[in-house]
Structures are given as structure tokens and as C-alpha cells.
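Letters A, B, ... are given to chains in the order of the sequence lines, protein chains preceding strands, and every chain is numbered from 1. Both backbone and side-chain heavy atoms feed into the values below; hydrogens, waters and symmetry mates do not.
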There are 2 protein chains.
Amino acid sequence: MATDRVRVLRATVRVLVRQPNAPMDELAKAAGISRATLHRLVPSRNALVKQLAELALADARAAIERARPEQGEPVAAVRRLVAELVPIADLWAFLMGENQIAGDPEMDQLWAELDLALIGLFRRGQESGAFRVELPAEFLTDALSSLLAGTGWAVQHGRLAAKDANRVLTELLLNGAVRRNQS
Amino acid sequence: MATDRVRVLRATVRVLVRQPNAPMDELAKAAGISRATLHRLVPSRNALVKQLAELALADARAAIERARPEQGEPVAAVRRLVAELVPIADLWAFLMGENQIAGDPEMDQLWAELDLALIGLFRRGQESGAFRVELPAEFLTDALSSLLAGTGWAVQHGRLAAKDANRVLTELLLNGAVRRNQS
DNA sequence: ATCAAATGAGACAGCCACGTCTCAAACCGC
DNA sequence: GCGGTTTGAGACGTGGCTGTCTCATTTGAT
């Protein structure tokens with residue numbers, strides 16, 4: 001039974017998010033294989049990063065599609081969206097890192113499409129009166145991205161219970177930290 | 001007039017946040033000097049990173065002290081805090097990166113103290129009834145950190161006007177994206 | 001203009017990570 | 001048990017980066 005390339009790729013993402021220039025040896029270890037085997041699965045470091053980005057983009061795209069951001073009440077749509085993205089927070093963080101540097105034009109395009117889907121949802125919410133227009137949709141999108149990355153990190157470092165991640169992120173994003181008076 | 005070491009360090013932070021393993025040549029370029037000159041200012045890459053971290057910690061500490069998180073109404077204190085931290089968002093992001101990997105024990109300690117100051121403020125706010133207790137103080141602290149880093153990035157990439165950064169971050173953190181009914 | 005200090009350019013050696021490859025050991029299916 | 005496949009360990013050559021250094025040029029003060 002040959003080693004599962006996709007499983008190996010997935011096993012590298014946490015290491016890469018924390019240390020983008022982690023040696024191949026370390027990536028291999030994270031996957032429980034040797035460096036030689038890793039090189040048998042992917043021809044080069046560049047190829048590994050590219051393949052992982054493709055995988056992450058596919059997962060992110062699927063998550064967003066499942067959430068159906070263009071459907072229904074915008075606040076509910078954001079809730080669905082966050083619920084779908086939190087489980088892939090690490091992959092999202094990886095994509096953020098890759099696309100903050102200088103990516104492959106084709107993958108930049110795909111990432112831009114995901115970005116637009118999120119911006120679109122926040123815009124739709126603003127137009128419907130559900131979201132505050134004084135907070136730009138692009139900002140809300142970037143904030144969601146940042147919170148996803150930060151939440152993934154917090155869970156990974158034991159600062160946040162995984163089971164709480166979705167709820168607290170959604171609540172902070174939608175309603176903020178301030179306590180409302182209970183009328 | 002010798003090249004200002006501190007000015008050079010400050011000039012490297014953006015490059016390092018975006019690419020932690022950026023070559024010394026690139027860091028030197030960011031500061032408008034040659035690699036040789038950079039090596040005259042700091043003995044090694046490690047020394048540069050250490051000195052920048054010390055500088056960043058000092059700035060962050062000063063920002064937090066100016067904000068006086070332990071004084072006054074908690075929501076107002078958070079507003080003061082964000083207003084002081086946003087201008088050093090890049091340095092904060094750099095510190096996050098350094099302390100997410102494996103830092104110097106002494107600097108880890110200093111960073112932990114800053115972390116505690118923020119957690120303390122959110123806790124104080126929860127105890128006073130100003131902040132929601134269902135969002136852990138640690139989470140709120142991590143969220144603020146993430147939003148700072150993300151906002152710094154957005155400004156740097158032209159996705160957010162620098163003059164808006166403080167306001168939108170504060171508003172999102174405190175009151176969220178959802179529009180309140182105007183009664 | 002002069003001179004000392006600062007700087008940039010570039011050469012060099014060493015280190016680390018990478019990609020490549022070999023071979024023995026381990027694994028797995030029959 | 002046998003044989004084919006997979007894997008890990010390790011050696012090797014190469015390139016990029018680092019730190020070190022020299023020397024010519026530039027800079028800045030007098």
C-alpha cells in the first residue's frame with residue numbers, strides 16, 4: 001500500500017503555516033515518513049507547496065460552496081460560511097501566507113475568486129441592511145481571514161477549545177465583544 | 001553621520017513579516033543600504049532578529065502603557081489600546097511570528113507579560129459587565145492580535161486606508177459587523 | 001581642497017537545505 | 001517462504017545564503 005500523497009500534503013500544512021521555510025526533513029517527519037519518501041511523492045519543494053495550495057484552494061472553494069453565501073439571509077449565510085471554514089482554518093492560513101507573498105497567477109486568480117465570494121456576501125449584507133456599511137466589505141473579509149488564521153493557531157496551541165472555535169469566532173465577528181443590555 | 005541602526009531595523013520589519021526568511025540582501029535593500037553595511041550594523045541575522053524583537057517589545061510595551069488598560073471604563077480602555085497598537089501593527093505582527101515559533105526565554109517572558117495585560121483588560125471588562133463572558137478573554141486577546149496583523153497587512157496592500165484602520169478595527173472588535181437597529 | 005570615516009561592490013569559504021541516487025531493510029500480497 | 005514493491009538511511013553535488021574581508025568610491029566635516 002503506497003503512502004497517500006494527499007494525506008502527506010495535509011500533514012505538512014501546520015508546519016508550513018508556522019514556519020514557511022521549514023526543511024523538507026521536518027515536513028516529512030510531520031507526515032511520519034522520511035525525506036526520501038517525501039521526494040518520491042513530490043518532485044520538489046516548489047511542487048509540494050504548489051500541490052498543497054491547489055488542495056487548499058479546492059477545499060476552500062468546496063467549503064464556500066457548501067455554505068452558499070449567495071443564498072438566504074446574510075447573517076445566517078455568514079454563520080454557515082464560518083462553520084465551513086473553521087475546520088480548514090490551517091489550510092486557509094496557509095493560503096493567506098502563499099498569497100501574501102507572490103503566487104502562481106492561476107492560483108492567485110482562484111484565491112481572488114474566493115476573496116470576491118466573501119466580499120460579495122458582506123456587500124449583500126450591507127445592501128440588505130444586515131451589516132454595517134461603515135465597515136468596508138473588504139475589511140470584513142480580511143478580518144474574517146485573520147480571525148480564521150488566529151483561531152486555528154489558538155486551537156493548535158491549546159489557547160482555545162476546538163469545539164468553541166466556530167461559535168466564538170462567529171459571535172465576535174457578528175456581534176463583537178461588547179455585552180448587550182438584556183432588555 | 002553613521003547610518004541609524006534603529007532606523008534600519010525598523011525598515012526591515014515589513015519585509016520580515018511578509019517573508020521571515022528574506023535574505024539579508026533584501027533586508028538591506030529595504031533599508032536603503034548594502035548588505036555589507038547591514039552586517040556592519042548587526043553582527044548576524046540572528047542578532048538582527050533579536051534586536052528587532054527587543055525594539056518591537058519595547059514599542060509594544062510603551063504603547064500598552066500609554067493606553068493604561070487598567071484604568072477607567074473597559075470599553076474606553078480597549079479603544080485607547082487599539083489606537084496605540086494600530087500604528088505599530090507591523091511590529092506586533094513580527095512579534096507574533098517570532099513568538100509563535102520558538103523564542104528567547106527572556107523575550108518570551110516579556111511577550112507573555114504583554115499578553116497578560118491584554119487578557120487582564122478583557123477580564124476586567126467581563127467582570128464589570130462590559131464584555132461578553134461567553135467569549136474567553138484569551139480568545140479576545142488573540143483575536144485582537146490577529147486583527148492587528150491583518151489590518152497592518154491590509155493597509156500595506158492598499159486594501160484599507162490607513163486613516164480608517166483604527167476605527168474599523170475597534171468597531172468590529174467591540175460591536176461586530178451586524179448593524180444595530182436604530183431605536 | 002583635504003582627510004578621515006562610511007559605504008558599496010564583490011570575492012571567498014563555509015553551512016544548510018535541496019534534489020538525486022544507491023542499497024539494505026522492511027513491508028505486503030500471494 | 002518468496003518475490004516484488006516500498007521505504008529509510010545516508011552519501012553526494014549544487015546553489016543560495018551567511019559572515020568575513022578587501023579595496024575603491026563616496027560622503028561629510030573642517
Heavy-atom check, side chain of A/V178 versus side chain of A/R180, under 4.5 Å: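 With C-beta onward as the side chain, the pair touches.
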Within-4.5 Å side-chain heavy-atom neighbours: B/W153 and B/R159: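 Of all side-chain heavy-atom pairs linking B/R159 with B/W153, at least one is under 4.5 Å.
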Any idea which of [options] is nearest the [X] side chain?
X	options	value
B/T3	C/dT7, D/dG8, D/dT7	C/dT7
A/P23	C/dA9, D/dG19, C/dA17	C/dA17
B/H39	C/dG19, C/dT7, D/dG19	D/dG19
A/R40	C/dG19, D/dG19, D/dA9	D/dA9

Donor/acceptor link under 3.5 angstrom from B/R35 side chain onto base of C/dG10: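 No such pair is found, so the answer is no.
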B/E171 with B/R167: basic N within carboxylate O range, under 4.0 Å: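 Here B/E171 does not pair with B/R167 in a salt bridge, since their nearest N and O are not under 4.0 Å apart.
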Length of the [atom1]-[atom2] vector between [X] and [N], whole Å:
X	N	atom1	atom2	result
B/M24	C/dG10	CE	P	19 Å
A/K29	D/dG8	NZ	C1'	12 Å
A/R5	D/dT6	CZ	C1'	17 Å
B/N21	C/dC15	CG	P	21 Å
B/E26	D/dC17	CD	C1'	12 Å
B/I33	C/dA9	CD1	P	12 Å
B/R45	C/dC15	CZ	P	18 Å
B/L27	D/dG19	CG	C1'	15 Å

Between [X] and [Y], what is the shortest heavy-atom contact and its length?
X	Y	result
A/R10	A/L55	NH2-CD1, 3.5 Å
A/P87	A/A83	CD-O, 3.1 Å
B/L16	B/L48	CD1-CD2, 3.9 Å

A/D142-A/S146 side chain donor-acceptor pair, cut-off 3.5 Å: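 No.
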B/A36 or A/L41, whichever maps to the more 5' nucleotide of DNA chain D: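 Whichever sits nearer the 5' end wins; that is A/L41.
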B/T37 vs C/dT7: side-chain N/O to OP1/OP2 distance below 4.0 Å: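 False: B/T37 side-chain N/O out of range (4.0 Å or more) of C/dT7 OP1/OP2.
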Bend angle of the helix from C/dA1-D/dT30 to C/dC30-D/dG1, end axes from five pairs each (to 10°):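 Rounded to the nearest 10 degrees, the bend comes out at 40°.
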